[in-house]
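Below is one structure, written out as structure tokens, with a few remarks after it.
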Amino acid sequence: MKKTGTDPIFLILVLLAALAIALPFVASNYRTFQFTLVMVYAIALLGLNILTGYNGQISLGHGAFYAMGAYCAAILMDKLGVPYWATVPVAGAVCLVAGFLFGLPALRLEGLYLALATFALGVAMPQLLKYKALDGWTGGVQGIVILKPEAPAFFPNAGIPLNADQWLYFFTLAITVVMFVIGWNLLRGRVGRALIAIRDHPIAAEAMGVNNALYKSAAFGVSAMYTGIAGALGAIAVQFVAPDSFNIFLSILLLVGIVIGGLASISGALYGALFIQFVPNLADEVSKAAPWAIFGILMIVFVYLMPTGVAGALRLLLARRARKRTMPPIPQEEIP
Amino acid sequence: MDAFLHQVLAGLATGGIYASLALALVMIYQATHLVNFAQGEMAMFTTYLAWTLITAGVPYWPAFLITVLFGFVLGVAIERIVIRPVEHAPVLAVVVVFIALLVILNSITGWIYSYTIKSFPSPFPKEPLFGIRYMSPHELGAIGVTLVVLVLLYLFFRFTPLGLAMRAAAQNPASARLVGIRVGWMLALGWGLAAAVGAVAGMMVAPIVYLDPNMMGGVLLYAFAAALVGGIDNPWGAVFGGFLVGVLENVLGAFVIGNELKLSVALVLIVGVLLVRPSGFFGRVHVTRV
Amino acid sequence: MIRFTAVLLSVALAAPVYAQKKYDPGASDTEIRIGNTNPYSGPASAYGAIGKTIAAYFRMVNEQGGINGRKVNFITYDDGYSPPKTVEMVRKLVEQDQVLFVFQTLGTPSNTANHKYMNARKVPQLHVATGATKWNDAKNHPWTMGWQPNYQTEGQIYARHILATKPDAKIGILFQNDDYGKDYVKGLKDGLGAKAKGMIVAEVSYEVSEPTVDSQIVQLQASGANVFFNVATPKFAAQAIRKAYDIGWKPVQYLNNVSISVGSVLTPAGLEKSVGLITAAYQKDATDARWADDPAMKAWQAFMKKYYPDANLSDSFHVYGYAVGQTVHQVLKQAGDDLTRENIMRQAASMKNYRVDVLLPKIVVNTSKSDYAPLEAVQLQRFNGKQWELFGEVISAEQN
């Protein structure tokens, strides 16, 4: 990226941006909505990837932070009349704090033990949302229905008629771009290297002067923030939150997403999001009798063919092509 | 006091369920250093085979033995066919394969057998023993069977050359290979044994919770918690952890915080224990060397 | 904006193309497209049997010549019982598949998530598969209609029976901690009125992720309750009945309608342990010996054998699916050649004493412009160890 505009990655990014902007004008509203969800998942997966992929702390309960973000947005909009766009940063901030606090005790837990603690969080969250003492806020088992935002008057006035789906798509796209740029800067610099060092060799990292405890809990916080922002956007897109929307399978699906997309890879979040959004639908098309069987088989096929995820496989492919052209090898984007 | 005693005993009965699956988790961990999330579904799947046999007229104990053998073969087959190709993939990729196995087994069983619950026979008498109504004979029997499996496993790992070889293969594959242990087959054997233990667990659990494709779904988390709180590398600890989780949950639910949050609070307590004793009550303490 | 386009669309399409044939999207001279979502994957997959039965029902209808000469194209998607997925799938049905209406989408949360969308779009959300009361709201949500008797009314009916037969009752309740369980509890409390506080001595909940409800039953016994209201889904209901018997607790037991199948609840629980259970029913039970020679149930069995042969016949969802299939079949028959969304709702809201033959003999479907609850009547029945025995008159919510 430090090179000039002829960089192929730059070209790809421009192409991608053009595609993303054109999409809602050529696709149906329903497809636009689906791609809004893809971006929502992509943000959530990037968040989980910061924690699990880059920092090596496994989480089986990120659905809980997604739920927290979603409920933040819903409660603020429904109970306090906060405009939808303002709920997104609040959801992010709340989850940042929650994630950081959860990360503090989790510092003492590693591997399986952390997996259990996060798994427990994922299982407990729907029960907390249903708890009768919180009924007044969360709507209990009934959940909360929220209104879909319309495009601000600016657009129709400027001669660009946007419907609610298109507007929400662009709103989500803008936030996605911001979150990915922040993630890019964070992960490809000092912080990213520190996170990876902690993952690969915690004691050595500590000896090199990295504050493991601070980085690990901060990683938890930032990761939860990303996922919480995704949750808020998801709630606005779906216009409904309920405990049933955030069961443990959401957490597991997110984990599947980062592994299939590519661990410790920024672009992997996007591939993973496409996978968890579209592959279950595909499985349903194939078989009504046992859709999960098809879904599971596809998961295994992906892991067999691309054990380091789609991003890892693409990286290998690019590196191989580059070598063929006897060009200097592309610097490794991330460590698989 | 009577109510308290009753809750504790009912907790031991459900704890027995957790303990039996926790034992299978510990088995697979000892052999592969992984926690198999599909363990519960594998147990459920083999229990359906037992149900098919028994419905077809096979007497209980022969059906029991056939199912345990089938569980063993299923475990070995899954290791050889499904897990082997991802042996060198990142750990999380293997976890995804476990999740895939879980959903595949769940879905296929539902497809073959439908999701309607089925009653599963118990080998133990129906009438309460000595007029005690706190625990049914099956619940007592199931706890007994779990303890027998525990003792057999202990003897196997402690006193047989094969058990020793398996432990060696799991702890230090490279050295094990050097002394002539076929590490690959030891892993497969570990899978087979874990699946066989799981099959026993399934057949003991099914008469209590009824047989359905989601029978083990809820149990997995408890078993996982039980295994960790007892010490993931210690079968005795896993069984103890199972009983502890069962009793803790019942007492909390009935007398302390109500049913709505009992699972959440029980899990918080367990994680609390793990914070203080990261290797569980009976687990070996690991020291990391640089 | 959506609303505006939808209005334009319906105005454009409602314009008379032929003198009497009128079509909205999803209907033509040869086809009627109906959309549906059901959980075919995940922990709630048991309900998927309903969607599969309806699909089989329309296969039969099509084989017999369709409805008014049109074939039914029943499009059903997996929603995994997840509200966000249901929203996505229902949008697909409405916007991409262009169905005439959406039918029998399952689950209170999932239907709540779509409630606003369907009404804004003015696409019928017909005969939703949930027993919440909110679907009977013709004034504010004229495009949504339920089907089955609602949970709250059923709870009220038990309350009245308790008040009439056991005025000194001490009631213990076991309920699933979700909208379904809480609706029943609310109905019971409403029915008991001011006496609810004194009569209900224990309310304990369970989560679907729990392996057993044994601990809850022990709690209820310890509370000294002599009436047990069992609001659990089949697996947990069966566990509760068995556990109560095994620990020697002998209350008067009321069992919610969701779990009254002899084959898939009472048999696993133990028939001898189920003696004396009281429930409110509206549908014939496929596994009840009482209907073994009933022509309607025989026809149902023949249907299942031919069009859905791998099904488990003891599962009451198959009768349910067949019954809703008959109801919507009647709606479409009545609609004739006027297959507009408006007319579908109009016909669905003008059913007069329509008999669905797999429902209990005296139960009929009645709807009107202001009454969007097709089934409101139930009849109490008691289990005698072999089969259910109806007693008392048909009780209807309208008589309140």
Side-chain angles (χ1 to χ4, degrees), chain A residues 52-53 58 60 105-117 119-125 127-128 130-133 201-204 207 248-249 252-253 255-256 258-260 263-264 283 287 289-304 306-309 312 336, chain B residues 25 29 33-35 37-38 82 85-97 99-112 213 217-218 220-221 224-225 227-229 232 258-268 270-272 274-276 278-280 286 288-290:
Chain A
T52 304
I58 184 172
L60 290 175
L107 279 177
R108 283 184 60 94
L109 300 171
E110 267 174 15
L112 282 180
Y113 300 93
L114 184 61
L116 175 71
F119 193 6
L121 180 71
V123 170
M125 184 52 74
Q127 299 185 9
L128 287 174
K130 281 194 277 191
Y131 190 54
K132 48 182 180 274
H201 217 140
I203 296 171
I248 190 67
F249 289 95
I252 289 174
L253 208 57
L255 187 74
V256 169
I258 61 162
V259 174
I260 301 265
L263 286 167
S287 162
W292 259 15
I294 309 290
F295 183 45
I297 289 167
L298 287 171
M299 271 156 68
I300 292 185
V301 167
F302 267 77
V303 170
Y304 278 9
M306 300 176 263
T308 50
Chain B
L25 288 180
Y29 184 82
H33 278 217
L34 289 168
V35 166
F37 290 104
V82 185
V86 285
E87 214 177 8
H88 300 293
V91 177
L92 280 173
V94 184
V95 170
V96 167
V97 173
I99 294 169
L101 276 175
L102 186 158
V103 297
I104 291 172
L105 287 173
N106 183 290
S107 190
I108 286 185
T109 314
W111 180 30
I112 301 176
L220 180 72
L221 174 66
F224 188 22
L228 286 185
V229 80
I232 185 79
N259 294 300
E260 280 180 301
L261 288 182
K262 66 176 178 183
L263 174 64
S264 312
V265 174
L267 287 168
V268 168
I270 287 164
V271 172
L274 291 175
L275 285 175
V276 183
S279 45
H286 291 277
T288 317
R289 287 198 205 101
V290 184

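Computed from a predicted structure; not experimentally measured. Within every chain, numbering begins at 1; the chains are lettered A, B, ... in the order of the sequence lines, protein sequences first and strands thereafter.
Neither the backbone nor the side chain of B/Val91 has a heavy atom closer than 4.5 Å to any heavy atom of chain A. In this structure, chain B has a heavy atom under 4.5 Å from the backbone of A/Lys130, while its side chain stays farther away. Contact annotation for A/Leu60: only side-chain heavy atoms (C-beta onward) come within less than 4.5 Å of a heavy atom of chain B. Heavy atoms closer than 4.5 Å to chain A are found nowhere in B/Val229, neither backbone nor side chain. Proximity to chain B (any heavy atom under 4.5 Å) is restricted, for A/Ile58, to the side chain, taken from C-beta onward. When heavy atoms are compared at a cutoff of 4.5 Å, B/Ile112 does not approach chain A at all.
Summarising the geometry of B/Leu267 relative to A/Ala120, their closest heavy-atom pair is CD1-CB, 3.6 Å, with the distance given to 0.1 Å. Annotation for B/Ala38 and B/Leu102: closest pair CB-N, 3.8 Å, computed over non-hydrogen atoms. Considering every non-hydrogen atom in both A/Met299 and A/Val256, the closest pair reads CE-CG2, 3.8 Å.
With a 4.5 Å cut-off on side-chain heavy atoms, A/Leu263 and A/Thr308 do not count as touching. In this structure the side chain of A/Tyr304 reaches within 4.5 angstrom of the side chain of B/Val82, judged on heavy atoms. At a threshold of 4.5 Å between non-hydrogen side-chain atoms, the residues B/Val95 and A/Val259 do not count as touching.
By number of non-hydrogen pairs under 4.5 angstrom with chain A, the leading residue of B/Ile270, B/Ile99, B/Val86 is B/Ile99. With chain A as partner, the option from B/Leu221, B/Val35, B/Val97 having the largest number of non-hydrogen pairs under 4.5 angstrom is B/Leu221. The choice from B/Gly272, B/Ala93, B/Gly110, B/Ala89 that makes the most heavy-atom pairs within less than 4.5 Å of chain A is B/Ala93.
Between A/Phe119 and B/Phe37, the ring planes are perpendicular. Angles over 60° get that label, and only those under 30° would be called parallel.
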